[in-house]
Colleague: 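The structure under discussion is supplied below as structure tokens; questions concerning it will follow.
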There are 2 protein chains.
Amino acid sequence: MAEQLVNVHDLVGRCPYATSQKLLAGKWSLLIMHELSEGPVRVRELERRLYPITQATLTRALRQMEDDGLVHREVYGTIPPKVEYSLTEVGAEFKAVLASLEKWGNQYIDYMKAAGRI
Amino acid sequence: MAEQLVNVHDLVGRCPYATSQKLLAGKWSLLIMHELSEGPVRVRELERRLYPITQATLTRALRQMEDDGLVHREVYGTIPPKVEYSLTEVGAEFKAVLASLEKWGNQYIDYMKAAGRI
DNA sequence: CAGAATCCTGAGAGATACTG
DNA sequence: CAGTATCTCTCAGGATTCTG
């Protein structure tokens with residue numbers, strides 16, 4: 001019996017780690033999830049908070065995340081236009097991850113500072 | 001008073017989210033953390049589990065993570081060579097994040113399947 | 001077995017200008 | 001204000017070869 005080598009790319013949609021990696025791959029997705037974690041935010045406001053992200057990049061990221069089912073896009077038919085992004089149901093569940101990530105991130109920062117590596 | 005725009009890149013080393021994003025940015029870091037979460041693993045074994053990662057890419061990633069203080073490299077002066085990677089103290093703390101990520105990842109997969117989007 | 005050294009490619013992100 | 005359309009460019013990652 002030859003050893004079977006599993007291609008990890010094929011695990012997206014099956015393995016929670018491979019899937020998460022894919023979803024969070026971008027340079028901005030994690031930060032966007034965090035910004036939306038406390039409620040809907042308008043595009044312009046996101047742009048400010050994520051400075052120096054560019055409009056094109058932000059739009060691309062948000063659309064991708066919408067396709068991935070993480071965020072919801074709410075369009076108000078007003079002039080001037082108003083669009084708010086918020087977390088979907090599954091997206092909101094991600095807040096648990098954000099919480100543990102925040103905790104660990106702070107531990108990490110403290111640790112590295114104490115070790116003089118920051 | 002002009003509005004101050006904070007550059008999120010400057011938050012690395014201060015904000016837990018910006019910092020985590022930076023650390024997990026790579027295509028493989030999250031998966032490597034997971035593979036090492038249950039104990040030391042030899043390079044060759046990592047290569048197999050992370051197929052189709054290339055040797056050069058794996059080495060680069062591991063060295064970066066070593067610099068970041070996430071993993072430890074143990075060299076056994078034997079012939080043939082044997083090198084094991086393991087999580088450092090802070091690296092091991094990351095297992096809490098992996099746990100919540102695993103939970104969420106599975107929720108996500110189930111949710112998307114139920115919605116027929118996978 | 002582990003990894004160094006090269007070269008190369010492509011996808012993602014930045015910059016810019018324009019529209020309803 | 002939100003979004004589209006291009007174009008450019010960087011660099012992370014892939015492929016390959018070589019060594020102790």
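Chain letters run A, B, ... following the sequence lines, proteins first, then strands; residues in each count from 1.
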Colleague: Could you tell me whether a side-chain N or O of Thr19(B) sits under 3.5 Å from a main-chain N or O of Cys15(B), the two making a donor and an acceptor?
Modeller: yes
Colleague: Checking all strands, does Ala56(A) fall into the base, sugar-phosphate, or nothing category for heavy-atom contacts under 4.0 angstrom?
Modeller: base
Colleague: Give the residues of residues 9-19 of chain A touching DNA chain C, defined as any heavy atom closer than 4.0 Å, sorted by residue number.
Modeller: none
Colleague: Taking OP1 and OP2 of dA11(C), is either one under 4.0 Å from a side-chain nitrogen or oxygen of Lys27(B)?
Modeller: no
Colleague: Can you tell me if the side-chain N/O atoms of Thr57(B) get under 4.0 Å from OP1 or OP2 in dG14(D)?
Modeller: yes
Colleague: side-chain contact (heavy atoms from CB on, under 4.5 Å) with Val97(A): which residues, sequence neighbours excluded?
Modeller: Phe94(A), Ser100(B), Leu101(B), Trp104(B)
Colleague: Could you tell me whether Glu45(A) and Arg42(A) make a salt bridge, using a distance below 4.0 angstrom between a side-chain N and a carboxylate O?
Modeller: no
Colleague: Do any side-chain nitrogens or oxygens of Tyr51(B) fall under 4.0 Å of OP1 or OP2 in dG14(D)?
Modeller: no
Colleague: Identify, with sequence neighbours excluded, every residue that meets ring-ring contact (aromatic ring centres under 6.0 Å, His included) alongside His34(A).
Modeller: Tyr17(B)
Colleague: For DNA chain C, determine which residues of residues 72-82 of chain A have any heavy atom closer than 4.0 angstrom to one of its atoms, and list them numerically.
Modeller: Pro81(A)
Colleague: Using a cut-off of less than 4.0 Å, is there contact between a side-chain N or O of Arg42(A) and OP1 or OP2 of dC1(D)?
Modeller: no
Colleague: According to salt bridge (charged side-chain N to carboxylate O under 4.0 Å, His left out), does anything in residues 105-118 of chain A pair up with another residue at least two apart or in another chain? List the pairs.
Modeller: none
Colleague: I'd like to know if Arg60(B) reaches the base of dG13(D) with its side chain such that a donor and an acceptor end up less than 3.5 angstrom apart.
Modeller: yes
Colleague: Taking the basic N atoms (NZ, or NE/NH1/NH2) and the acidic carboxylate oxygens, is any pair closer than 4.0 Å for Arg49(B) and Glu35(B)?
Modeller: yes
Colleague: Just checking, is any N or O donor in the side chain of Glu74(B) or Tyr85(B) under 3.5 Å from an acceptor N or O on the other one?
Modeller: no
Colleague: For residues 28-40 of chain B, which residues have at least one heavy atom under 4.0 Å from DNA chain C?
Modeller: none
